Amino acid sequence: MDHTALLYSGLEAVFAIVTIAITVLSWRYRSRVTGFPLFVTAVSAAAYALASFTMPFVSDPLAWQLVNNIRYPLGALIATGSFFIAVEFTQNEQYNRPVVRAAFGLILAVDAIVALTNPIHRLMITDQFITETGIYAAVLGPLFWVHVVVGLAIGSISIGLLLDNLREAQGIYRTQNVVLVVGLAMLAVFFGIQSVAAINYRFDLATVGIVGYCSLILWGLFRADLLQTVPVSRETLLKSMDDPVIALDENDTVVDLNTAAMGLFSVDAAAIGNHVESVFADYPALKTRVTAAELETETRDEITLSRNGNSQYFDLLVSPIVPRETHGPTIDATLGRIVVLRDITDRKQYETRIETHNRTLERLANVISHDLRSPMATAQNLVTILKLNLDEPNESAERSIAELEALIGDIEAFASHLPALARESSYVEHPTTFDLEPIADAAWRAVDTDGLSLQVVDEITLSGDPRRLRQVLQNLFQNTAHHARPTATTVTVGLLPDRDGFFVEDDGPGIGAAQDDEIFDYGMSTGDGTGIGLAIVRTIVEAHSWRIAVTHSDRGGARFEIDTNPT
C-alpha cells in the first residue's frame with residue numbers, strides 16, 4: 001500500500017472513530033428534544049464511515065458490492081435523521097405526524113431493498129471493475145441517481161426549515177441554528193461532490209461531510225448548549241400570553257421566556273442560556289422558591305415580588321416538562337420546568353379591603369353589643385324596682401310592665417346575636433370546592449331531627465365556605481324539625497332543575513304566603529323561636545354572593561331555593 005493509500009485509509013479510520021464518539025455522546029441525550037433523531041443520525045454516520053474504511057480491504061467482488069451498497073440506505077438514513085432534527089428543533093410539528101414518518105420509512109425500506117438486491121437487477125450499480133491500484137470501483141446505474149436526488153432533496157428541505165427559523169431566532173438559539181445549517185450544508189455538499197466527482201476510489205468525500213457535521217454537533221453540545229437549551233417550550237410560550245412564562249432545563253438554565261417575562265425581569269432574549277439566578281437576581285424569594293421545587297412534581301404557591309418599593313402579588317406555578325412520548329414526569333424523563341407567574345395584585349388588594357371591612361364591621365358589632373348591655377341591665381333593674389314599689393298595679397300597668405320586659409329581652413337578644421350576624425355577613429374570601437352531601441350529613445347529625453329522614457338526591461359540588469354552608473343547612477334542618485313536625489317526615493336536598501344552585505325542602509305544612517317576604521328578617525318567627533336562624537341563613541348565602549328564596553314544594557311543604565349564580 002503506497003503512502004497516498006495509507007493516508008486515505010488513515011483518514012477514513014479517524015473519521016470512523018469520530019463518528020463512533022458522537023454516537024456514544026448522543027446516546028446520553030436521546031430522551032431530549034432532537035436527541036433521538038441525532039442518535040439515529042450518529043449511528044448511521046458511524047456505520048457509513050466504517051463501511052467506507054472497510055471497502056478497500058475487501059477482495060471478494062460480491063462482498064465488496066454488499067459493503068459498498070449498504071452505504072446507500074445509511075446515507076438515506078443520515079438525511080432522514082437530519083430532517084427530523086430540523087423538524088424538532090424548529091417545532092414544525094406538522095412534519096412529525098405518523099403519515100410523514102411512515103412515508104420516510106417507506107423511502108428507507110425501498111432504498112435498502114434496491115441497494116441490497118442490486119446483484120440481481122443491477123440498477124443501482126450496473127457493473128464493477130478493478131482500478132490500477134488494485135481495488136474495486138463501481139459503474140453507477142440509474143437508481144443510484146434517484147437515490148442521490150432524493151437524499152439531497154431531503155437535505156435541502158431540512159436546511160430550508162432551519163433558515164426559515166433563523167429569521168426569528170435570538171440569543172443562543174441563533175447560534176444553535178447556525179451550527180445546524182452549516183453542518184447540514186457541509187453534509188449535503190460533500191455527499192453531492194462524492195456522487196458526481198469522487199477524488200479517489202480509496203477515499204469517500206461524503207465522510208468528510210459526515211465528520212464535519214458531527215464535529216459541529218459535538219462543538220454545539222459543549223459550546224452552544226445544543227440539546228441542553230433547546231426551544232422545548234415554544235408551543236407553550238405563545239407570544240400572545242399576558243402572563244410571564246419561563247422555561248428551564250433540569251439544571252435551571254433558562255431555555256425560553258416570553259415577552260411578558262422579559263418585561264417583568266428587565267431582560268431580553270440574551271437571557272436564554274443563563275442560569276435562572278441571574279434572571280431572578282432582583283427577586284431572591286422567587287429564585288429560592290423555584291430552585292427548591294422538586295423537578296418532577298408540580299408546585300403551586302402565592303408569592304410577593306418587591307422591587308424599588310413596589311410590591312406585586314403572583315400565583316406561581318412550576319410544572320415539569322416531559323417528552324411527548326412520556327406518560328408522566330419522573331426524574332429521569334423530565335427535561336426541565338415551566339414557570340408561570342399570574343399577576344393577582346388587584347385580587348389581593350381587593351381581599352385586603354374586604355378583610356379590613358370585615359374586621360371593622362365585626363369590631364363595630366361587638367362595640368354596639370357591649371354598649372347595649374349596660375343600659376339594658378339598667379332598664380331591667382328599673383323595671384324590677386318599679387314592680388317592687390307597685391303594691392297592687394292595675395291591669396294596664398301590669399301589661400305595660402310585661403311589654404317593657406319583653407322589649408328589653410328582645411334588645412338583649414339582638415345585642416347577643418349582633419356579632420354573629422356581622423361575622424357571617426363578611427364576604428367569603430377564600431372559597432374552596434367541596435361536595436355538599438357530606439356537609440349535609442354533618443349538619444343533620446348536629447340537629448335533633450325527631451324522626452325525620454334526610455335524602456340528598458343529586459351530586460352537588462359547590463365553591464364556597466363549607467363551615468358556613470354547614471351552618472345554613474343546620475339552621476334549615478332545625479327550622480323544619482321545630483316548625484314542620486309532626487306533619488313533615490322527610491327533608492330533601494337536590495339540584496335546581498332550571499339554574500345553578502340547590503334546594504332544601506320538606507313535606508310539612510309549608511309556610512303562609514304572607515310570611516314569604518319576611519321570613520328571613522331578623523326577629524321574624526313563625527312560632528316561639530328567636531327569629532335569628534333564618535336571618536343567619538340569608539346572611540351567609542348573601543356573603544357568598546348567592547340568593548335565597550322560599551316557596552312551596554310539590555308536596556306542599558316549605559322549599560328553600562339557593563341560586564348560586566344569580567343574574
Side-chain angles (χ1 to χ4, degrees), residues 410 413-414 417 420-421 424-425 435-462 464-567:
D410 289 343
F414 172 75
H417 293 147
L421 284 170
E424 300 299 353
S425 69
D435 293 330
L436 188 60
E437 184 170 6
I439 304 296
D441 290 338
W444 188 259
R445 290 193 299 270
V447 174
D448 181 8
T449 53
D450 190 24
L452 288 168
S453 63
L454 173 67
Q455 292 182 349
V456 180
V457 295
D458 297 304
E459 292 184 3
I460 305 171
T461 301
L462 299 173
D465 184 340
R467 180 197 64 80
R468 295 206 224 178
L469 262 295
R470 174 179 170 175
Q471 185 65 55
V472 165
L473 294 175
Q474 189 171 317
N475 287 8
L476 291 177
F477 296 158
Q478 183 65 55
N479 185 76
T480 299
H482 191 75
H483 297 293
R485 293 291 293 155
T487 306
T489 60
T490 305
V491 176
T492 305
V493 179
L495 287 170
L496 294 176
D498 55 349
R499 60 192 185 277
D500 295 336
F502 64 98
F503 65 84
V504 179
E505 68 177 25
D506 60 58
D507 55 355
I511 297 175
Q515 299 172 332
D516 288 357
D517 296 333
E518 302 175 352
I519 195 169
F520 298 108
D521 293 344
Y522 175 82
M524 176 61 190
S525 175
T526 58
D528 56 357
T530 63
I532 185 68
L534 293 182
I536 288 179
V537 166
R538 183 175 65 178
T539 300
I540 294 174
V541 168
E542 291 178 349
H544 283 78
S545 299
W546 299 345
R547 184 179 299 157
I548 187 169
V550 63
T551 183
H552 298 277
S553 69
D554 293 339
R555 296 172 293 177
R559 177 181 170 98
F560 295 90
E561 296 184 345
I562 298 177
D563 188 344
T564 59
N565 188 24
T567 56

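Not measured: the values here are computed from a predicted model.
Between the CG atom of D458 and the CG atom of L436 there is a distance of 10.5 Å, given to the nearest 0.5 Å. Atom CD of Q471 is separated from atom CG of L469 by 10.5 Å, given to the nearest 0.5 angstrom. Note that CG of L462 and CD1 of I562 are 8.5 Å apart. Values are rounded to the nearest 0.5 Å. The line from CZ of F560 to CG of N479 is 5.0 Å long, rounded to the nearest 0.5 Å. One distance of note links OG1 of T564 with CG of L496; it measures 7.5 Å at 0.5 Å rounding. Here the CD1-OG1 distance, from I548 to T539, works out to 10.5 Å after rounding to the nearest 0.5 Å.
Under the 4.5 Å side-chain criterion, counting only non-hydrogen atoms from C-beta, D441 is in contact with R445. Side-chain atoms of F502 and L473, non-hydrogen and from C-beta on, do get closer than 4.5 Å to each other. In this structure the side chain of F477 reaches within 4.5 angstrom of the side chain of V504, judged on heavy atoms. With contacts defined as side-chain heavy-atom distances shorter than 4.5 Å, the pair W444/L452 qualifies.
Under the side-chain hydrogen bond (donor to acceptor under 3.5 Å, both in side chains) criterion, R470 pairs with no residue, sequence neighbours left out. In this structure D435 satisfies the side-chain hydrogen bond (donor to acceptor under 3.5 Å, both in side chains) test together with T461, sequence neighbours excluded. The side-chain hydrogen bond (donor to acceptor under 3.5 Å, both in side chains) check on E561 picks up R499, R559, with sequence neighbours excluded.
The backbone N or O of R547 lies less than 3.5 Å from no partner atom in the side chain of D563, so there is not a single donor-acceptor pair.
Applying the 6.0 Å contact sphere to CG of D554 captures no more than 12 heavy atoms from other residues, nucleotides or ligands.
In terms of heavy-atom proximity, A481 sits nearest to D448 at CB-O, 3.6 Å.
For residues 486-497, the pairs satisfying side chain to side chain donor-acceptor pair (under 3.5 Å) are S453-T490, T489-D507, T492-R555, with sequence neighbours left out.
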